[in-house]
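See below for the structure under consideration.
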There are 2 protein chains.
Amino acid sequence: MTKDHENELTKERILNEAEILFAQKGYKSVNIREITKAANCNLAAVNYYFGSKKNLYLDIFRSRWMARAKRLQEFFKSSLGSISPNSPAKIVEALAYTFLKGPLSEEERHRHHQLIAREMAQPTEALEMIIDQMIKPFIKELSDMLLPSMSKDVTKEELILNILSMFAIVLYFNFARKAVTSIINRPYDSEFKTKLIEHIINFSLYGLSGSQKEELK
Amino acid sequence: MTKDHENELTKERILNEAEILFAQKGYKSVNIREITKAANCNLAAVNYYFGSKKNLYLDIFRSRWMARAKRLQEFFKSSLGSISPNSPAKIVEALAYTFLKGPLSEEERHRHHQLIAREMAQPTEALEMIIDQMIKPFIKELSDMLLPSMSKDVTKEELILNILSMFAIVLYFNFARKAVTSIINRPYDSEFKTKLIEHIINFSLYGLSGSQKEELK
DNA sequence: GTCTATAGCAGGATAGAC
DNA sequence: GTCTATCCTGCTATAGAC
């Protein structure tokens, strides 16, 4: 029906605009008037469709954020191909590529990481859901992929710490963009992103002991 | 004078309590009533001493945060000793130790990193000051220390990216404590912190290619 | 310098017309 | 389903007594 169609659109518009604003400014700093203005709809629409501001926020994670995380995981898996024992180098490369140049647009990527960084610094109900449904399973998959290539005395916990450290770097270069730009004195353009991917692969694989770049070529 | 002394104390108490609250909840989510209640003083005191809530927030960075950052840098330098060409291993170890078990108490460290993580995600005037006055000079010092030991073809920019990545990991394990605890399924106690230091040293030096632990022993 | 009281406004939520 | 008008809470900031 036409009516249903229009409802969908308003609801979707609210979700889209609210997500952008929550990512930029955080939950408390955004107000409903701002959201509805951006979504070009009436002030009462948020309460009509979502019941409350709080629930709109949670719905953004339930629908938008989770869907994007799934897209990222699918992209990662398909970029690995199906040859089952992948080298750490191949896995790290696919990870860095997925999270910095993968299926998301620049704006989407930024938003995605801003939202999760905010949740990690100050958890709400959303974080538990994300960790249980997305992060833990993904870390488990990565662990299983990496374990065969690791030295025998690496424990499961140490492997998880390694994976978290890679994510920490990816997260940082996405949520702290302004700081990075100012420190490195360079705009966050396509060229810089390419450099970042290279860097993240190298650092994750070899740390400071550095670029085995020659061997990779 | 007694009066001046008491003023100082009230002002200090406000700074202390406000910092804790801003770190936990973010600027917008904290209100003056909460701060003055925690500082056990009158509602009007914040405006009397700081002029506005906003200026109280900035003062926390100007006095408290910067002072702590200085303490951390001093601690780091003195733990290196004065032998000028330090190995990367020694530098990384001193860094990890300083930021995870250095001069700050657990609560101070957590607060310190929560505040900077919030600023990085959503910069205010405070960030520019911090970057210019503390972060850039510190990165410069670290670069100069590390450069001699790096392979010839490492550019200055790549070196800075390496340093930022180390900080990203340190920052993550401090500001995202709740997420880490839930993922790793283990409390953030002294034993875990020791493990974290070990991990950060190892990962920063060798990345996934892993623990040259045997050689270090 | 400290307090109470309150001005003045912003924001979440809802009632009720259309 | 969409809109306007409005209630009500809770906030910052300040005036003015002590």
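No hydrogens, no waters, no symmetry mates; every other heavy atom, side chains included, goes into these values. Residue numbers start from 1 in every chain, and the chains themselves are labelled A, B, ... in the order their sequence lines are given, proteins ahead of strands. These numbers come from a predicted model, not from an experiment.
Taking the side-chain hydrogen bond (donor to acceptor under 3.5 Å, both in side chains) definition, one finds that A:E17 meets it with nothing, sequence neighbours left out. Contacts of A:E106 classified as side-chain hydrogen bond (donor to acceptor under 3.5 Å, both in side chains), with partners at least two apart in sequence or in another chain: A:R109, A:R177, A:K193.
Salt bridge absent: A:E108 and A:R64 never bring a charged side-chain N and a carboxylate O closer than 4.0 Å.
When distances run from any side-chain atom of A:L43 to the nucleotides D:dA5, C:dG12, D:dA13, the shortest one goes to D:dA5. Checking C:dG12, D:dA5, D:dT14 against every side-chain atom of B:N47, the shortest atom distance belongs to D:dT14. Residue B:N42 has its side chain nearest to C:dT4 when only D:dA13, C:dT4, D:dT2 are considered.
Residues A:K101 and A:T194 bring a donor and an acceptor atom of their side chains to less than 3.5 Å of each other. One side chain, B:N55 or B:R62, offers a donor N or O that lies under 3.5 Å from an acceptor on the other.
In terms of position along DNA chain D, the nucleotide closest to A:A45 lies nearer the 5' end than the nucleotide closest to the other residue of the pair A:A45 and A:K28.
Partner B:Q122 forms a side chain to side chain donor-acceptor pair (under 3.5 Å) with one of A:Q24, A:Q114, A:R118 and no other, that one being A:R118.
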List every contact pair, protein side and nucleotides 16-18 of chain D side both N or O, where the distance is under 3.5 Å.
none

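Rounded to an integer number of Å, the gap from CZ of A:F50 to C1' of C:dG12 is 16 Å. Going from atom NZ of B:K11 over to atom C1' of C:dT2 covers 16 Å, rounded to whole Å. The nearest whole Å value for the distance from the NZ atom in A:K25 to the C1' atom in C:dA10 is 13 Å. Protein atom CD1 of B:I32 is 19 Å distant from nucleotide atom P of C:dT6, rounded to whole Å. When the C1' atom of C:dT4 is taken as reference, atom NZ of B:K37 falls 17 Å away, rounded to whole Å.
Counting heavy atoms from C-beta outward, B:F50 and B:L15 have side chains that approach closer than 4.5 Å.
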Contacts table for residues 135-144 of chain A: side-chain donor-acceptor under 3.5 angstrom, sequence neighbours left out:
{"residue": "A:K136", "atom": "NZ", "partner": "B:S182", "partner atom": "O", "Å": "3.3"}
{"residue": "A:K140", "atom": "NZ", "partner": "A:D144", "partner atom": "OD1", "Å": "3.3"}
{"residue": "A:K140", "atom": "NZ", "partner": "A:D144", "partner atom": "OD2", "Å": "3.0"}
{"residue": "A:E141", "atom": "OE1", "partner": "A:K77", "partner atom": "NZ", "Å": "3.4"}
{"residue": "A:E141", "atom": "OE2", "partner": "A:K77", "partner atom": "NZ", "Å": "3.4"}
{"residue": "A:S143", "atom": "OG", "partner": "A:I139", "partner atom": "O", "Å": "2.9"}

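The bend of the helix from C:dG1-D:dC18 to C:dC18-D:dG1, defined by the angle between the axes of its first five and last five pairs, stands at 10° to the nearest 10°.
To the nearest 0.5 angstrom, B:R111 atom CZ is 7.5 Å from B:N16 atom CG.
OP1 or OP2 of D:dT2 lies within a sub-4.0 Å distance of a side-chain N or O belonging to A:Y49. OP1 or OP2 of C:dT2 sits under 4.0 Å from a side-chain N or O of B:T10.
The distance between the ring centers of A:F99 and A:F76 does not fall below 6.0 angstrom. Close placement of the B:F22 and B:Y57 rings is indicated, their centers lying within 6.0 Å of each other.
A heavy atom lying under 4.0 Å from DNA chain D marks the following residues of residues 51-64 of chain B, by number: B:S52, B:K53.
Residue B:N31 is in sugar-phosphate contact alone, with no base atom involved, counting any heavy-atom pair closer than 4.0 Å across all strands shown.
In terms of heavy atoms, B:L21 sits closest to B:V30 at O-CG2, 3.4 Å.
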